[in-house]
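As the structure is a computational prediction, the values presented were derived from the model and not from experiment.
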Number of protein chains: 2
Amino acid sequence: MAATMQDVAQLAGVSVKTVSNVVNDYPYVRTETRERVMSAIADLGYQINASARNLRRGRTGMIGLALPMLSLPYFAELAESVITAAEERGLVVIIEQTGSDRRRELDALHGARRAMTDGLIYSPLALGAEDEELLPTSSPLVLLGERIFSDRVDHVTMRNVEAAKAATEYLLGIGRRRIAVVGVHPGEVVGSAGLRLQGYEEALAEAGIERDPALYGAVGPWGRANGAQAIGTMLDAGTVPDAVFGLNDTLALGAMHEMQVRGLRVPEDVAVIGFDDIEEAQYSTPTLSSAHFDRDEVARTALQLLEARFAARVPPEPRRVATEFRIVERGSTG
Amino acid sequence: MAATMQDVAQLAGVSVKTVSNVVNDYPYVRTETRERVMSAIADLGYQINASARNLRRGRTGMIGLALPMLSLPYFAELAESVITAAEERGLVVIIEQTGSDRRRELDALHGARRAMTDGLIYSPLALGAEDEELLPTSSPLVLLGERIFSDRVDHVTMRNVEAAKAATEYLLGIGRRRIAVVGVHPGEVVGSAGLRLQGYEEALAEAGIERDPALYGAVGPWGRANGAQAIGTMLDAGTVPDAVFGLNDTLALGAMHEMQVRGLRVPEDVAVIGFDDIEEAQYSTPTLSSAHFDRDEVARTALQLLEARFAARVPPEPRRVATEFRIVERGSTG
DNA sequence: TTGTAAGCGTTATCAA
DNA sequence: TTGATAACGCTTACAA
């Protein structure tokens, strides 16, 4: 059996309270006492029982991270950042994969898993603005992205519109005029797809270029296969763009792949830019230009927002923090 | 405050024990009683307190997954499978990123995090055979891969030698003779690098082809950048292979990229095969041939081994389970 | 600076 | 089939 505080206390000849004081770095412990306790801890290989501590404290030391799936590189990289940032704060992360399924996204919000964590970092894909009222407001929650907005919840946003606009402007700046956009979710306004498309359209409008529906590649999930398929359909229909804006990097990479297979040269015939700047963007052929966000910063900010709620007696005002971005120029845009 | 079993019991007019019986699907509860309890649970929005349950049960319902980092696609996909398989069994996964750092790998084995999980699935990269004795033998542990072998611990292995041999034989089968190998860790015998290299060498030996050190690309971590660098160095030295075996897919993809940049055609000039069959292999240009393993099967097997230990009164004999593989032929080998 | 004792919300034992 | 009650191992008033 594992040693308990009782065992340590007995061996050190002190009370459990004193052991607890030592374990929790309570300052008013005599050095000599502390040392006796420490050595007893070492002797017994004592490790604190997290369940007991959590039960007593009313906290679990764990936070949830709900995301579509880890095999999407963007989310794997986000998870990496969140886990690292959480570890710095002594928190443990439980990842819940929602598969961008509406029911499972709701479950992450309210289900049993939610009860075993102190807070939730939430990156929804299926829920939308109409679900705002379903967001729990009593328990700490940070929303990532701009899919849902609520005045009652903390947000870390991505400046989707501005970054997409900047990406499109970059393509315009290198002389491209027939810019396809891949990954469109028709009718969507508030999600990443809707917002990034809005940025694209604003850039074109300001450049005085007319909107051409033939250049819109609509797809479902944002994977490479759909990026390839969207541009394939477009090319089959006889529409040949001189640039492609992928609403995320995997779409852009898929589209780039499909065009190369069909003999188009990137960037000579078609320039390509993505969004998110996943690691893979640095290693594709050619390397992929992209709108870059600092995921570590997103993770740290989200954790700060959560912890502000853990600590507070009165819940703080919900905050909305926007993450900075920059356009990274690589081979796919020449 | 969240409702407790007491509250539910009071509302339903029964004892806490009865609520507990309902919650735990104890069969001997009258249907009518069960229904009253259920409706009280629903009314109060009661959710069980995991800390209290775990304290009482002496289990946490959580398992650890120690891996180098999630931004490596192979590990992200492995984590996805493990989380999914764990969820099916009502277990929660805590991911610990070791950064393939020796100290952090040891910490995953013995540290505080370890104490809050019931078992650990462990994919070491820095520890080696000499660390066998450091493996805890009292707590449930499953080792992934063939980096460490111990008779005292469960293993899920990958048939590294056989699969690498098959991959090399496949290249030989399509007529390649100067087969470079990328990702070599000189001097390593037991890790993935050592074993896969062994498979490569066995295949060449059986084909009667002499070992050529110029075709060995040694690198550190197995990322795309190092794959590119290894083949770059080789080409700079005037060695031009007619095929490349990447000891994993990201190495192969990096190497493929570098060769394409230098004007070599894949697969015409150089065929490329990887190892692991990550999702990206299906979307690169050209698509990447690879040695495929079923990660879901690995995950399920690992969990079965852990659970066998949770359940057992007497610890079961350590088992070693080998995962099947197959060579997937794609564009990079013509 | 340290000790005593009461709980945190469950589950397990035993009795009814 | 259900209920009383004692743990599980820790933290925290409160006392000393």
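In this structure, the side chain of B:R104 engages the main chain of B:Q97 through a donor-acceptor pair within 3.5 Å. Within the 3.5 Å criterion, the main-chain N or O of A:T157 finds a donor-acceptor partner in the side chain of A:T323.
Contact annotation: A:T18 side-chain N/O to C:dG3 OP1/OP2 distance is under 4.0 Å.
Between the OH atom of A:Y26 and the P atom of D:dT12 there is a distance of 11 Å, rounded to whole Å. We find that CG of A:D7 is positioned 11 Å from P of D:dC8, with the value rounded to whole Å.
Between the CG atom of A:D154 and the CD atom of A:E317 there is a distance of 10.0 Å, given to the nearest 0.5 Å. Between the CD1 atom in A:I95 and the CG atom in B:L65 there is a gap of 9.0 Å [rounded to 0.5 Å].
Open room surrounds CD on A:Q10; 12 or fewer heavy atoms of other groups in view lie less than 6.0 Å from it.
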Can you give one letter per nucleotide of nucleotides 8-14 of chain C, going 5' to 3': B for a protein heavy atom under 4.0 Å from the base, S for sugar-phosphate only, - for none? BBBBBB-
